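Note that the structure is predicted; figures quoted are calculated from it, not measured. Chain A is the first sequence line, chain B the second, and so forth, proteins listed ahead of strands; every chain is numbered from 1.
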Amino acid sequence: MSSSEQSGKTAANHDHLDANTQRPEAAEEALRYTPGEIEPRWQQRWDADPGLYAAESHAGGKPKFYCLEMLPYPSGQLHMGHVRNYAIGDALARFMWMRGYNVLHPMGWDAFGLPAENAALKNHRQPEEWTLANIAAMRVQMRRMGLSYDWSTEVTTCLPEYYRWNQWFFLKMYEKGLAYRKQSKVNWCPECATVLANEQVINGCCWRHEDTLVEQRNLEQWFFRITKYADELLDGLDKLPGWPDKVRTMQRNWIGRSEGTLVDFEVQRASESAGQQVSEKQTITVFTTRVDTIFGATSVQLAPEHAVTKAFAASDPKLAADVAAMLEQQKAAREAGDIGAIEKHGVFTGQYAVNPFNAERVPIWVANYILADYGTGAIMSVPAHDERDFEFAEKYGLKIVRVIQPVGETEDAELPFLAEDDAVLVESGVFTGLGCVDAQKKMQALAAEKGFGKATTTYRLKDWGVSRQRYWGTPIPMVYCEKDGIVPVPEEQLPVVLPKQVEITQQGGSPLGRVPEFVNTTCPKCGGPARRETDTMDTFVDSSWYFYRYMDSKNATAPFAKEKADYWFPIDQYIGGVEHAILHLIYSRYWTKVMRDLGLIENDEPATRLFTQGMVIRNGAKMSKSKGNVVSPDEMITRYGADATRMYALFAAPPDRDLEWQEDGVAGVSRFLSRVYRLTMRYATYPPDVKSSAPAAEADLLRKLHQTIAKITQDFSGRWHFNTCIAAIMELANQVTAFEQSKNADKISSAAVTEIFHNLILLLAPFAPFLAAELWEQTGHEGVILRTAWPIANIELAREVAMEIPVQVNGKLVEVIKFPAGLDDLAVKEAAKLHEKVAARISGKQLVKEIIVTGKLVNFVVK
RNA sequence: GCGGAAGUGGCGAAAUUGGCAGACGCACUAGCCUUAGGAGCUAGCGGAGAAAUCCAUGGGGGUUCAAGUCCCCCCUUCCGCACCA
């Protein structure tokens, strides 16, 4: 190494070594790896340099990389899932920095939400105080981990300087008709004492309380019109190849677009057919995706909640009782958690409807498997061509009429026959003989022409209910005036500040309703007395756009400056848990589209690439307090150091797979770092002018080095198998150690020593930043390792000089033979044939075939 | 039920394209060293066998000179959706 690299601590250690020549073990002792000393020292230095992880201005025009990890809820404690998430993101951010990119790597807090209120109830602490204390504690943990966040951009969603922009967006969306208020049936969690969005209801239960059944309540609520973007949200998924298929599929299913037809069936009341006149005319509109099967419709099925069901029940006590029993049974099944297992059953209403396509009279039934809130809550039942309808018809002896046949088949298809596109219609009046697809179009045209139906598209996605009857969230910036009705708070009056010191209870509606100073206000329009909206916003509003705020987090006049967004967006890599595949990730995509249409940004999607890491499990189950298998990151860091902890999180499994946490494994990584430390420190004092006397061994080492550089560099650009990257670094270190112990150590050239250790430290930098920084300095390097160029593999040095060719006979391995690299196939083959073991296997037999894969393998096939 | 992912030593895993199955690490065994450390070093470590060799990637078939990898059938686990008409 050059003399300039032997300054500072290196020299001191050198002296120490010399002074202890009689006691080499003491010298080794002095080279003990002490993360407990190294890491806090570096953390202090990094903390003292606020610009260290700061991105450069967007105006510089440098290639950018926006690396984002999902912001945590400030529960007060990092868990291993966080550690893994951030270890992945941090390795990538550091790598991109070293590749010369302008990196934005921010962190923030999803700080509103119910746990703070629950903590307030339990501990009599105000939610704000509790939340801010948790944030402070978790920020310390993150710094301890050595994560490369630019804290100057930190975003905390519960602070007025952030949530005022939630309110601002709300007003803009109100202006555009994207935020609206309506009376509707909503999901109510009795445990949370608030309304939930559809996305927050899982198997009929609250997403926070898995055993608590969600109730349906009729309330007036604020909604965001996410359905306006349903098509774009769906179609946009095809333009996101950097997102996992799994997430895209889940979103596709959630949006649940289905193309179909609405068809009106006129009700023919029993009394009517008996010749009496009934004044009102009733129509049942059914939704079907297979209007081509309508000639096979042998009944109409209504949801028990359907308006026509209610109308019939009003004059039919027996039916009313049956329907009530049906609803009761559904409720019971939902409570028992086996709504899916419930048996299909129905009741005949005694009424008939007319199929407008063939004027046939079909019975109207009420059935428990018809969903009130999908389509129109009514269907036409075609038993011949639908499994459920078939089952139902068999059970109740309803007619089964075949109207579709597979094309080119002479025999009848087995029923129910679920027609594919290449089937044709039979027994379908003028449509007989048409293909299914063709028939659908022609039938839709006829229905539209005659006015008894039309083509339509339905979605499973519903508008996003955002009102929450809770305290700890963004106040909705609306007032209610007796004279002027709903009046938005003027923009210049923002933020509507959440009052402090509010009494939290879980009864009696929104806590803010009990704060007169908050509720009572004046109407912005007429100046008269008015009441503020006392509901707060769903916290998913906060997390739908937080990543835009990072790049301009102090902006007091706008959510962010457009030119910054133009430069930084879309996010290049978003990393987080798959549990957000629907909720957060669909809302974020929606919000981006709204912002685009408000002219705030140019991008259509928030993130180009999304990565969902696997869970951290222990003893076969996800780490959780209830399972008692939680390992605290703090404890790991105290015991083994942050480097070992985060490196283990990357080493134990590829990042997309679940990771089994084994503490012995962390100890193993710690031992490896310890070996690297001692190894590097021994060579830190290597004399500067040694010439190589073992060129072949030296070339072996340099080959391994450059192969390792190539492997890791390539992996970062896509595969992200950091477990094998770290294994490769271990192999490199092992090879250097083996070389040293082969007593050749004094024969390696100074230049090679410099090259090996210089690059070894750089390779380690994304995974073990503390140790890398320490060794970088100890080996006499100046400057920040993060700003040092990532090494470039030398292809010449990486090239193999020998090839080890497995030689098989009849596909079974006989021998591995070493040849000089590049030896031609014929020579390899002939030499292999002469090899003792191989010869023994093929002699006296007929050589049928010789297979040679250049540089890979030789196989002799004999008989 | 439908859809997706996975199944490889005692354990976490590796094997980018069909080409030496088990890299790297943990645990374990034996030995060395010692200022006795959650340390270091050496060797071993899929199974059977004294060995030659044989057997082994959830199970069963198949394609191929060659299969963890491709095709067909089945089993198990995890995840998502779950009457979506």
Side-chain angles (χ1 to χ4, degrees), chain A residues 23 25-26 28-29 32-33 202-203 244-247 249-250 253-254 256-258 260 286-290 293 301 339-344 367-371 373-382 385-389 391-392 458-460 578-579 581-582 614-615 617 620 622 639-640 648 651-654 656-672 674-675 678 711 714-715 718-719 721 723-731 734 737 741 804-816 848-853 855-862:
Chain A
R23 290 168 56 204
E25 66 280 2
E28 274 291 301
E29 179 69 16
R32 253 178 88 178
Y33 169 56
I202 295 151
N203 289 331
D245 288 341
K246 185 190 167 104
V247 171
T249 304
M250 284 167 75
N253 293 341
W254 184 260
R257 177 164 73 191
S258 91
V286 304
F287 172 72
T288 176
T289 56
R290 294 300 307 268
T293 65
Q301 305 282 344
I339 184 82
I342 196 166
E343 205 198 327
K344 288 182 194 21
N368 66 341
Y369 70 99
I370 308 303
L371 304 174
D373 53 6
Y374 182 77
T376 58
I379 66 154
M380 61 177 201
S381 178
V382 185
H385 305 294
D386 182 283
E387 262 177 274
R388 288 158 308 172
D389 294 347
E391 191 189 322
F392 194 86
T458 64
Y459 301 88
R460 215 166 71 116
V578 75
E579 65 273 17
I582 306 240
M615 287 186 303
I617 58 179
K622 183 178 180 176
R639 221 172 270 189
Y640 305 102
Y648 174 75
F651 177 63
D656 53 334
R657 257 206 253 171
D658 284 352
L659 181 155
E660 170 80 25
W661 195 268
Q662 294 181 334
E663 192 172 329
D664 285 336
V666 189
V669 171
S670 165
R671 279 198 291 272
F672 164 69
S674 175
R675 275 203 308 280
R678 287 193 308 270
K711 186 221 164 0
Q714 201 186 0
D715 242 281
R719 219 170 65 122
H721 279 197
N723 54 331
T724 56
C725 289
I726 293 165
I729 298 173
M730 287 173 172
E731 285 180 47
N734 289 350
T737 306
Q741 272 151 7
E804 294 190 339
I805 306 290
V807 181
Q808 301 178 333
V809 174
N810 286 347
K812 298 223 163 172
L813 180 69
V814 174
E815 187 77 275
V816 179
V848 182
K849 207 168 179 185
E850 297 173 350
I851 311 242
I852 175 150
V853 186
K856 281 264 173 76
L857 167 136
V858 176
N859 187 13
F860 298 114
V861 184
V862 297

What's the base orientation of G58(B): syn (chi within 90° of 0) or anti? anti

Side chain of Arg675(A), heavy atoms from C-beta onward: which of A14(B), C41(B), C24(B) has the nearest atom to it? C41(B)

Can you tell me how far the CZ atom of Phe287(A) sits from the CD1 atom of Ile379(A), to the nearest 0.5 Å? 11.5 Å

Supply the atom-to-atom distance Leu659(A) CG to Gln662(A) CD, rounded to the nearest 0.5 angstrom. 9.0 Å

CD (Gln301(A)) and CZ (Arg388(A)) are apart, to the nearest 0.5 Å, by 10.5 Å

Tell me which of Ala727(A) and His721(A) sits closer to the 5' end of RNA chain B, going by the nucleotide each one is nearest to. His721(A)

Closest to the Arg639(A) side chain, choosing from U16(B), G38(B), A85(B): G38(B)

Report yes if at least one side-chain N or O of Lys246(A) is closer than 4.0 Å to OP1 or OP2 of C81(B); otherwise report no. no

I want to confirm an ordering. Mapping Pro806(A) and Glu660(A) to their closest nucleotides on RNA chain B, which one lands closer to the 5' end? Glu660(A)

Which base, if any, makes a Watson-Crick or G-U wobble pair with G80(B), both distances under 3.5 Å? C2(B)

N/O (side chain, Arg32(A)) to phosphate O (OP1/OP2, A39(B)) under 4.0 Å: no

Of the nucleotides A85(B), C55(B), A14(B), which has the atom closest to the Lys812(A) side chain? C55(B)

I want to know whether Phe672(A) and Phe651(A) have ring centres closer than 6.0 Å. no

C83(B) base / Lys344(A) side chain donor-acceptor hit below 3.5 Å: yes

Donor/acceptor link under 3.5 angstrom from Asp664(A) side chain onto base of C26(B): no

With respect to the side chain of Asn368(A), which nucleotide from G19(B), C83(B), C41(B) is positioned closest? C83(B)

Against the side chain of Ser258(A), the closest entry in A66(B), A14(B), A85(B) is A85(B)

For Glu579(A), does the CD atom have more than 12 heavy-atom neighbours from other residues, nucleotides or ligands under 6.0 Å away? yes

So, is Asn734(A) close to the G25(B) phosphate, meaning a side-chain N or O under 4.0 Å from OP1 or OP2? yes

As an exercise, state the distance from CZ of Phe860(A) to CD1 of Ile852(A), rounded to the nearest 0.5 Å. 7.5 Å

Please check the phosphate of A14(B) (OP1 and OP2 only) for any side-chain N or O of Arg657(A) closer than 4.0 Å. yes

How long is the line joining CD1 of Ile582(A) and C1' of A82(B), in whole Å? 13 Å

Look at the side chain of Pro654(A) and decide which nucleotide, out of A13(B), G19(B), C20(B), has an atom nearest to it. A13(B)

May I ask which nucleotide in the shown strands pairs with G12(B), Watson-Crick or G-U wobble, both distances under 3.5 Å? C24(B)

Applying a 4.0 Å non-hydrogen cut-off, can you work out what Asp389(A) is touching in the nucleic acid: base, sugar-phosphate, or nothing? nothing

Assign Gly375(A) to base, sugar-phosphate, or nothing according to its heavy-atom contacts below 4.0 angstrom with the strands shown. nothing

Side-chain N,O (Gln741(A)) to OP1/OP2 (U42(B)) below 4.0 Å: yes

Using atom CG of Asn859(A) as one end and atom C1' of G18(B) as the other, report the distance to the nearest whole Å. 13 Å

Now, which nucleotide makes the Watson-Crick or G-U wobble pair with C33(B), with each of the two distances under 3.5 Å? none

Base, sugar-phosphate alone, or nothing: which one does Ile805(A) contact when heavy atoms must sit under 4.0 Å apart? nothing

Looking at every strand, decide which applies to Glu850(A) at a 4.0 Å heavy-atom threshold: base, sugar-phosphate, or nothing. nothing

Tyr648(A) near the nucleic acid: base, sugar-phosphate alone, or nothing, with a heavy-atom cut-off under 4.0 Å? nothing

Could you tell me how far apart Phe860(A) (CZ) and C65(B) (P) are, to the nearest whole angstrom? 17 Å

How long is the straight-line distance from CG of Asp386(A) back to OG1 of Thr293(A), given to the nearest 0.5 Å? 8.0 Å

Side chain of Ala652(A), heavy atoms from C-beta onward: which of G12(B), A85(B), A23(B) has the nearest atom to it? G12(B)

Please determine, for the side chain of Tyr369(A), which listed nucleotide (G40(B), C83(B), A14(B)) has the closest atom? C83(B)

Between G19(B), C81(B), A15(B), which one does the side chain of Arg719(A) approach most closely? A15(B)

Partner nucleotide, any strand, of A56(B) [Watson-Crick/G-U, under 3.5 Å]: none

Side chain of Val861(A) only, please: which of C26(B), C65(B), A14(B) is the nearest? C65(B)

